[in-house]
*Asks:* 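The structure follows.
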Amino acid sequence: MTSPIYVALDTPDLDRARAIAKAVQRHAGGIKLGLEFFAANGPAGVAELAHLRMPIFLDLKLHDIPNTVAKAVQALRNLEPAILTVHAAGGRAMLEDAKAAAPVNTKVVAVTVLTSLDSRDLGRVGVAGGPHAQVIRLAGLAQEAGLDGIVCSGDEVAAVRKSWKDGFFVVPGIRPAGGDVADQKRVMTPRAAIDAGASILVIGRPVTAAEDPDAALRAISATL
């Protein structure tokens with residue numbers, strides 16, 4: 001059975017990213033590469049890690065006018081990521097164009113509300129109702145646009161799955177029981193997130209900052 005855990009390689013250092021990826025290769029479901037890695041290494045760096053033959057979650061959170069996002073997705077086609085993120089707040093036309101431009105085997109998922117934000121943060125940018133209401137609203141938009149799923153915290157995934165039964169739900173902000181939450185505000189344990197309906201879990205520092213990343217990953221996997 002394939003692990004639902006994608007390890008977040010949030011580092012600009014290609015050699016370090018490769019070393020961690022190799023360390024967790026046997027037990028991870030895939031690796032997540034985000035802006036920090038992509039800004040430093042670009043498509044060539046992604047292609048380099050693709051040689052390890054692990055599914056790649058390319059977390060770029062694209063957010064621009066529909067035409068620009070569609071062209072950006074087309075430019076990434078040769079990398080054939082397993083998962084690619086766009087921002088749900090970009091609107092329906094942008095979401096539709098992103099999905100249409102993606103490779104057929106790439107799941108395009110919409111970021112709803114970052115796990116570093118809470119109700120107070122949303123209020124400051126003019127969003128009323130708190131994270132839960134905003135996630136439900138944006139999940140509906142993503143579903144209507146034909147996307148594969150969304151990115152949301154474990155707090156919202158159960159509610160979204162009720163109305164989107166075949167959706168693909170990416171849950172970041174995962175921390176083992178008693179773990180340091182760092183800059184995350186809406187966190188959940190791996191077991192609780194899976195029970196709530198997560199399709200995959202994104203876990204970074206609890207694995208990558210460990211002395212033995214593979215042992216840390218196996219310990220988390222054992223809780224599932």
Side-chain angles (χ1 to χ4, degrees), residues 4-11 17 28-43 45-47 49-50 54-117 131 134-154 156-157 160-161 164 167-174 183-184 186 193 198-204:
I5 298 175
Y6 274 60
V7 176
L9 303 181
D10 295 323
T11 174
I31 52 176
K32 190 208 77 149
L33 303 175
L35 281 174
E36 186 175 354
F37 179 89
F38 197 79
N41 301 288
V46 179
L49 292 189
M54 301 175 71
I56 290 178
F57 172 8
L58 196 53
D59 186 23
L60 300 183
K61 300 182 178 68
L62 300 174
H63 188 177
D64 212 309
I65 63 173
N67 184 59
T68 297
V69 168
K71 288 183 176 179
V73 174
Q74 288 173 351
L76 297 168
R77 286 181 66 91
N78 288 343
L79 297 176
E80 297 185 332
I83 309 166
L84 176 67
T85 53
V86 297
H87 261 293
R92 180 165 177 169
M94 190 207 80
L95 298 177
E96 290 175 341
D97 287 3
K99 179 58 181 173
V104 66
N105 292 324
T106 295
K107 291 185 183 299
V108 180
V109 297
V111 176
T112 53
V113 177
L114 299 175
T115 52
S116 59
L117 303 179
Q134 180 70 348
V135 169
I136 297 299
R137 185 160 46 239
L138 293 177
L141 180 65
Q143 187 176 13
E144 291 170 6
L147 264 62
D148 297 283
I150 62 166
V151 182
C152 66
S153 85
E156 298 96 25
V157 67
V160 177
R161 186 172 280 284
W164 194 351
F168 185 82
F169 302 112
V170 177
V171 177
I174 297 297
D183 55 354
Q184 304 285 1
R186 289 153 46 241
S199 302
I200 68 166
L201 310 175
V202 178
I203 303 178

*Asks:* Can you see which heavy atom on Ala193 is nearest to which on Ile174, and at what distance?
*Replies:*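 Where Ala193 meets Ile174 most closely, the heavy atoms are CB-CD1, 3.6 Å.
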*Asks:* Going by distance alone, is a donor N or O of one side chain under 3.5 Å from an acceptor N or O of the other, for Gln134 and Arg137?
*Replies:*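 There is such a pair (donor and acceptor under 3.5 Å, judged by atom type) between the side chains of Gln134 and Arg137.
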*Asks:* Determine the minimum heavy-atom distance between Ala198 and Val171, stating which atoms define it.
*Replies:*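 Answer, listing the atom of Ala198 first, then Val171: CB-CG2, 3.5 Å.
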*Asks:* side-chain contact (heavy atoms from CB on, under 4.5 Å) with Phe169: which of Asp148, Val160, Leu201?
*Replies:*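 The passing option is Val160.
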*Asks:* Glu156 side chain to Ser153 main-chain N or O, any donor-acceptor pair under 3.5 Å?
*Replies:*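 Judged by distance alone, yes, a pair lies under 3.5 Å.
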*Asks:* Which ring pair (Phe, Tyr, Trp, His ring centres under 6.0 Å) pairs, counting each pair once, include a residue from residues 81-113, with sequence neighbours left out?
*Replies:*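 For residues 81-113: His63-His87.
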*Asks:* Answer yes or no: is there a side-chain heavy-atom contact under 4.5 Å between Val86 and Leu95?
*Replies:*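 With C-beta onward as the side chain, the pair touches.
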*Asks:* My understanding is that only residues two or more places apart in sequence, or in another chain, count here; which of them pass side-chain hydrogen bond (donor to acceptor under 3.5 Å, both in side chains) with Ser199?
*Replies:*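 Scan of Ser199 (side-chain hydrogen bond (donor to acceptor under 3.5 Å, both in side chains), adjacent residues dropped) gives Arg161.
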*Asks:* May I ask you to decide if Pro81's main-chain N or O and Thr106's side chain share a donor-acceptor pair within less than 3.5 Å?
*Replies:*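 Yes: the side chain of Thr106 pairs with the backbone of Pro81.
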*Asks:* Tell me whether Thr85 contacts the main-chain N or O of Leu60 through its side chain, where contact means a donor paired with an acceptor under 3.5 Å.
*Replies:*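 Such a contact is found between Thr85 side chain and Leu60 backbone.
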*Asks:* With side chains defined as the heavy atoms from C-beta onward, is the minimum distance between Pro172 and Val151 less than 4.5 Å?
*Replies:*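 Answer yes - side chains close enough.
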*Asks:* Can you measure from CG (Asn105) to CD1 (Ile83) and round to the nearest 0.5 angstrom?
*Replies:*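 Asn105 atom CG to Ile83 atom CD1 measures 12.5 Å (nearest 0.5 Å).
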*Asks:* Out of the candidates Val73, Ile56, Asp59, only one should pair with Leu84 under the side-chain contact (heavy atoms from CB on, under 4.5 Å) rule; please name it.
*Replies:*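 Passing option: Val73.
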*Asks:* Taking the side chain as C-beta and beyond, is there a heavy-atom pair between Ile5 and Ile200 under 4.5 Å?
*Replies:*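 Sidechains of Ile200 and Ile5: no contact.
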*Asks:* Roughly how far, to the nearest 0.5 Å, is CG of Leu62 from CE of Met94?
*Replies:*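 The CG atom of Leu62 is 7.5 Å from CE of Met94, to the nearest 0.5 Å.
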*Asks:* Which atom names give the shortest non-hydrogen contact between Leu117 and Pro131, and what distance separates them?
*Replies:*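 Taking Leu117 first and Pro131 second, the nearest heavy atoms are O-CG, 4.4 Å.
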*Asks:* Quick check: closest heavy atoms across Ala142 and Trp164, and the distance to 0.1 Å?
*Replies:*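 Closest approach of Ala142 to Trp164, heavy atoms only: C-CH2, 4.0 Å.
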*Asks:* Do Ile31 and Phe37 make a side-chain contact, defined as non-hydrogen atoms from C-beta onward lying under 4.5 Å apart?
*Replies:*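 Ile31 does not reach Phe37 side chain to side chain.
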*Asks:* Side-chain contact, heavy-atom cut-off 4.5 Å: Phe168 with Val109?
*Replies:*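 Touching, per the 4.5 Å side-chain cut-off.
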*Asks:* If I take atom CD1 from residue Ile150 and atom CG from residue Leu141, how far apart are they, to the nearest 0.5 angstrom?
*Replies:*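 Going from the CD1 atom of Ile150 to the CG atom of Leu141 covers 11.0 Å.
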*Asks:* Within the 4.5 Å heavy-atom criterion, are Asp10 and Lys32 side-chain neighbours or not?
*Replies:*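 A side-chain contact exists here, since the closest heavy-atom pair is under 4.5 Å.
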*Asks:* Does any non-hydrogen side-chain atom of Val46 lie less than 4.5 Å from one of Asn41?
*Replies:*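 No. Closest side-chain heavy atoms not under 4.5 Å.
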*Asks:* Taking all heavy atoms of Ala98 and all of Val108, pick out the closest pair and write down the distance.
*Replies:*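 That would be O-CG2, 4.4 Å.
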*Asks:* I need the minimum non-hydrogen distance between Val135 and Thr112, along with the two atoms involved.
*Replies:*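 Closest pair (atom of Val135, atom of Thr112, distance): CG2-OG1, 3.6 Å.
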*Asks:* Taking the side chain as C-beta and beyond, is there a heavy-atom pair between Val170 and Lys107 under 4.5 Å?
*Replies:*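 No - every pair of side-chain heavy atoms lies 4.5 Å or more apart.
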